[in-house]
*Asks:* 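The structure's right below; bear with me while I get my questions together.
We count residues from 1, following the sequence as given.
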Amino acid sequence: MGNRKKMKLILSIVGFILLVGLVFGDVPESKDHPLLSRYPGSTITYYSQEEFNEFYILICNRPQTEQLTLENVEKLKVEGKVTKIQYSIPKGRSAYEVFKNYELAIKGAGFDILCEGKAKGLRGFLEKTCGFRNIISHTSENPNEHFYLSARNPDRDKFVAVYVGEGYAGRPAIAAVAIVELKQMETGLITVKDIKERLETSGHVALYGIYFDFNSANIKPESESVLKEVAKFLKENPEIKIYVVGHTDNIGDFDYNIELSRKRAEAVVKELVEKYGIEKSRLKAFGVGPLCPVASNKTEEGRAKNRRVEIVEQ
């Protein structure tokens, strides 16, 4: 074989190796949580970490239940730092084998098991309520091939939830892990004085204390403290009119994000008008989706900064 052919072959092999790394490696800016490592050979396909959010942990009347359904479990809402990691399991490893490994690791760490069993009919809950990705489309419809476990650490300040489901139509099994580190929401992050000063200096104010349900325009109750400050500012400055502008990160469909950001801005306007008595003529809602980022969308920290509501002086 000539030198040129050898070089082409080497370059082809190197390119293939790099391609495999890109396709099968962990998603960018992701990592295992120090509390619970991955099953050997798994790759991270989805990663999210939020400093404060809610998450639902399933609780059983009996820690071990043969078949878990939404009818025989209790949904416990917990709040704090939420880390969600989704793994693709190596081919040839069954969902049950991987689940038992997680179970042994969690029990070995001294965690108290809150619920454990075959996860019949929980795929929709895990995807739509808990925010995991492609659970329904990528896993088996056989209810005996899905497993769920929730646990709490001895200090009672951390929760763990683990779901493992067998793959569908030759796809590898999926493991979804959530870790919630309990903490109180930071309050008083913005005041009337802050709003006034920022509008005067920069013309806009980012309101990071306004929270919405996942993939929704429903405002969470913990947003009240910030909305109160905005309403108080508007009442103390009746001459000021504002735009309420919704922003998103760049994950997902562009048109959908534009629409979601608009609906969230409209929800804030509605709340200020109906609950706090602000004249509607002073408020206008707009959504710009991912068009005005304040940080890189390549990291979760950056995406969190980009997901926001701003007020802009008209």
Side-chain angles (χ1 to χ4, degrees), residues 33 35-36 38-39 42-50 53-80 82-90 93-107 111-153 158-182 213-216 218 220:
H33 193 283
L35 199 64
L36 193 63
R38 73 183 73 190
Y39 184 85
S42 302
T43 56
I44 299 176
T45 58
Y46 171 70
Y47 179 86
S48 169
Q49 188 174 82
E50 298 170 295
N53 208 334
E54 65 181 19
F55 191 84
Y56 286 90
I57 298 289
L58 298 183
I59 308 293
C60 300
N61 293 328
R62 295 176 297 162
Q64 288 189 325
T65 303
E66 179 60 25
Q67 291 279 5
L68 304 180
T69 68
L70 291 179
E71 288 71 36
N72 66 6
V73 298
E74 176 187 348
K75 290 182 283 187
L76 174 67
K77 185 175 81 169
V78 294
E79 297 177 332
V82 179
T83 304
K84 292 183 285 190
I85 311 173
Q86 198 161 312
Y87 298 95
S88 177
I89 303 302
R93 300 298 184 182
S94 71
Y96 183 70
E97 176 188 359
V98 174
F99 179 76
K100 294 302 288 185
N101 272 267
Y102 275 112
E103 177 194 50
L104 289 172
I106 290 169
K107 288 181 176 178
F111 276 60
D112 297 320
I113 302 300
L114 303 174
C115 195
E116 180 182 4
K118 293 179 181 178
K120 180 181 180 181
L122 298 185
R123 292 187 300 164
F125 164 78
L126 292 165
E127 185 170 316
K128 297 173 184 177
T129 303
C130 297
F132 288 110
R133 307 293 176 87
N134 301 318
I135 297 291
I136 297 173
S137 61
H138 284 65
T139 56
S140 165
E141 295 183 358
N142 185 342
N144 294 317
E145 295 180 334
H146 305 265
F147 308 92
Y148 177 90
L149 180 151
S150 62
R152 181 169 50 195
N153 69 331
K158 295 181 180 67
F159 286 87
V160 173
V162 175
Y163 157 82
V164 185
E166 201 65 67
Y168 171 74
R171 292 186 175 95
I174 287 176
V177 175
I179 294 152
V180 183
E181 301 167 66
L182 300 182
D213 289 338
F214 176 75
N215 216 22
S216 165
N218 294 324
K220 292 185 177 182

*Asks:* Check whether more than 12 heavy atoms from other residues, nucleotides or ligands sit under 6.0 Å from atom NZ of Lys120, and answer yes or no.
*Replies:* no

*Asks:* Taking only residues two or more places apart in sequence, or in another chain, which ones meet Glu103 in a salt bridge (Lys or Arg N to Asp or Glu O under 4.0 Å)?
*Replies:*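 For Glu103 the salt bridge (Lys or Arg N to Asp or Glu O under 4.0 Å) partners, ignoring immediate neighbours, are Lys100, Lys107.
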
*Asks:* Do His146 and Leu68 pass the side chain to side chain contact (heavy atoms under 4.5 Å, CB included) test, and can you show the C-alpha distance, the side-chain angles, and the key distance before you say yes or no?
*Replies:* CA-CA 10 Å; His146 305 265; Leu68 304 180; over 6 Å; no

*Asks:* With sequence neighbours left out, which residue pairs that include part of residues 164-174 fulfil the side chain to side chain donor-acceptor pair (under 3.5 Å) condition?
*Replies:*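 Of all non-adjacent pairs touching residues 164-174, none passes side chain to side chain donor-acceptor pair (under 3.5 Å).
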
*Asks:* With a 4.5 Å limit on heavy-atom distance, are the side chains of Ser42 and Ser88 in contact?
*Replies:* no

*Asks:* Go through Phe159 and Leu76 one step at a time and tell me if the side chain to side chain contact (heavy atoms under 4.5 Å, CB included) criterion holds.
*Replies:* CA-CA 11 Å; Phe159 286 87; Leu76 174 67; 4.1 Å; yes

*Asks:* Show your working on side chain to side chain donor-acceptor pair (under 3.5 Å) between Gln86 and His138 and close with a plain yes or no.
*Replies:* CA-CA 12 Å; Gln86 198 161 312; His138 284 65; over 6 Å; no

*Asks:* Restricting to non-hydrogen atoms, name the atom on Ala119 and the atom on Leu122 that form the minimum distance, rounded to 0.1 Å.
*Replies:*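 The answer is CB-CD1, 3.6 Å.
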
*Asks:* Go through the steps to decide whether Asn218 and Ser216 satisfy the test side chain to side chain donor-acceptor pair (under 3.5 Å), and finish with yes or no.
*Replies:* CA-CA 6 Å; Asn218 294 324; Ser216 165; 3.1 Å; yes

*Asks:* First locate atom CD1 of Ile106, then atom OG of Ser150, and finally report the distance between them rounded to the nearest 0.5 Å.
*Replies:* 9.0 Å

*Asks:* Among residues at least two apart in sequence or on other chains, which ones pass side chain to side chain contact (heavy atoms under 4.5 Å, CB included) with Asn101?
*Replies:* Tyr39, Glu97

*Asks:* For the side chain of Ser48 and the backbone of Lys84, is there at least one donor-acceptor N/O pair under 3.5 Å apart?
*Replies:*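 Not confirmed, Ser48 side chain does not pair with Lys84 backbone.
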
*Asks:* Mind checking what makes side chain to side chain contact (heavy atoms under 4.5 Å, CB included) contact with Lys118, not counting sequence neighbours?
*Replies:*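 Scan of Lys118 (side chain to side chain contact (heavy atoms under 4.5 Å, CB included), adjacent residues dropped) gives Glu66, Gln67, Asn144, Phe147.
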
*Asks:* Quick one, Glu181 and His33 - any side-chain contact, counting heavy atoms below 4.5 Å?
*Replies:* yes

*Asks:* With sequence neighbours excluded, what pairs up with Asn153 under the side chain to side chain contact (heavy atoms under 4.5 Å, CB included) test?
*Replies:* Phe111, Asp155, Asp157, Lys158

*Asks:* Please test Ile59 against Cys115 for side chain to side chain contact (heavy atoms under 4.5 Å, CB included), starting from the C-alpha separation and ending with a verdict.
*Replies:* CA-CA 5 Å; Ile59 308 293; Cys115 195; 5.6 Å; no

*Asks:* Work out which heavy atom in Thr83 is nearest to a heavy atom in Gln49; give both atom names and the distance.
*Replies:* OG1-NE2, 3.0 Å

*Asks:* If you look at every heavy atom in Ile44 and Arg38, which pair is closest and at what distance?
*Replies:*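 For Ile44 versus Arg38, the nearest heavy atoms are CD1-NH2, 3.5 Å.
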
*Asks:* Spell out, as yes or no, whether a donor-acceptor pair under 3.5 Å connects the side chain of Tyr148 to the backbone of Leu58.
*Replies:*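 A pair under 3.5 Å: yes.
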
*Asks:* Output the distance between atom OG (Ser140) and atom CD1 (Ile174), rounded to the nearest 0.5 Å.
*Replies:* 11.0 Å

*Asks:* So do the side chains of Tyr102 and Val177 get within less than 4.5 Å of each other, counting heavy atoms only?
*Replies:* yes

*Asks:* For Ala161 and Ile57, work out which heavy atoms get closest and say how close.
*Replies:* CB-CD1, 3.9 Å

*Asks:* Is there a donor-acceptor contact under 3.5 Å from the side chain of Arg133 to the main chain of Tyr46?
*Replies:*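 Pair absent, no side-chain N/O of Arg133 close to backbone of Tyr46.
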
*Asks:* State, to 0.1 Å, how close Val180 and Gly80 come at their nearest heavy-atom pair, and which atoms those are.
*Replies:* CG1-N, 4.3 Å

*Asks:* Would you list the atom pairs, donor with acceptor, under 3.5 Å between side chains in residues 124-131 and any protein atom, with sequence neighbours excluded?
*Replies:*
| from | atom 1 | to | atom 2 | distance (Å) |
| --- | --- | --- | --- | --- |
| Glu127 | OE1 | Ile135 | N | 2.9 |
| Glu127 | OE1 | Ile136 | N | 2.9 |

*Asks:* Evaluate the side-chain proximity of Thr139 to Arg123: yes if any heavy-atom separation is below 4.5 Å, no if none is.
*Replies:* yes

*Asks:* Considering only heavy atoms from C-beta outward, does the side chain of Phe55 approach that of Glu50 to under 4.5 Å?
*Replies:* no

